[in-house]
Amino acid sequence: MIAGSEDGLTGGNLAAVAYSSAAEPKDIVFLPGGHFDAYTGRGFTVASQAARDWFVRHLMTP
């Protein structure tokens, strides 16, 4: 899960509940900024690298 540390749209409590109920494997990454900051600038860099790393770790076959 990737969440903005200052997300005023979905809020931290909603993200925490969703994360706690998600099945393994799971990971959570907080990016700087709000809900839409994952799509541009530094937030995009953090979000895209975290997503790529998770997919490589869990979906690629050895």
Side-chain angles (χ1 to χ4, degrees):
M1 174 180 274
I2 299 169
S5 60
E6 299 168 28
D7 188 341
L9 187 61
T10 58
N13 289 340
L14 184 58
V17 169
Y19 181 76
S20 68
S21 65
E24 294 288 346
K26 63 183 179 181
D27 195 10
I28 190 164
V29 174
F30 291 97
L31 58 94
H35 188 82
F36 296 105
D37 287 309
Y39 304 113
T40 61
R42 174 80 178 125
F44 178 77
T45 300
V46 172
S48 62
Q49 289 174 354
R52 179 205 58 215
D53 293 347
W54 191 92
F55 287 124
V56 167
R57 196 166 48 249
H58 297 287
L59 299 181
M60 292 193 63
T61 56

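Remark: the backbone N or O of Gly34 is paired with a side-chain donor or acceptor of Asp37 at under 3.5 angstrom.
How far CD1 of Ile2 is from CG of Asp7: 12.5 Å, rounded to the nearest 0.5 Å.
Scanning both residues, Phe44 and Tyr39, for their nearest heavy atoms gives CB-C, 3.7 Å. Summarising the geometry of Pro32 relative to Arg42, their closest heavy-atom pair is CG-CG, 4.0 Å, with the distance given to 0.1 Å. Considering every non-hydrogen atom in both Ala47 and Leu31, the closest pair reads CB-CD2, 3.9 Å. A pairwise comparison of heavy atoms in His58 and Pro25 identifies CE1-CB, 3.3 Å as the closest pair. The two residues Ala18 and Met1 have their closest heavy-atom pair at CB-CE, 3.6 Å.
In this structure, Tyr19 places its OH atom where more than 12 heavy-atom neighbours from other residues, nucleotides or ligands lie under 6.0 Å away.
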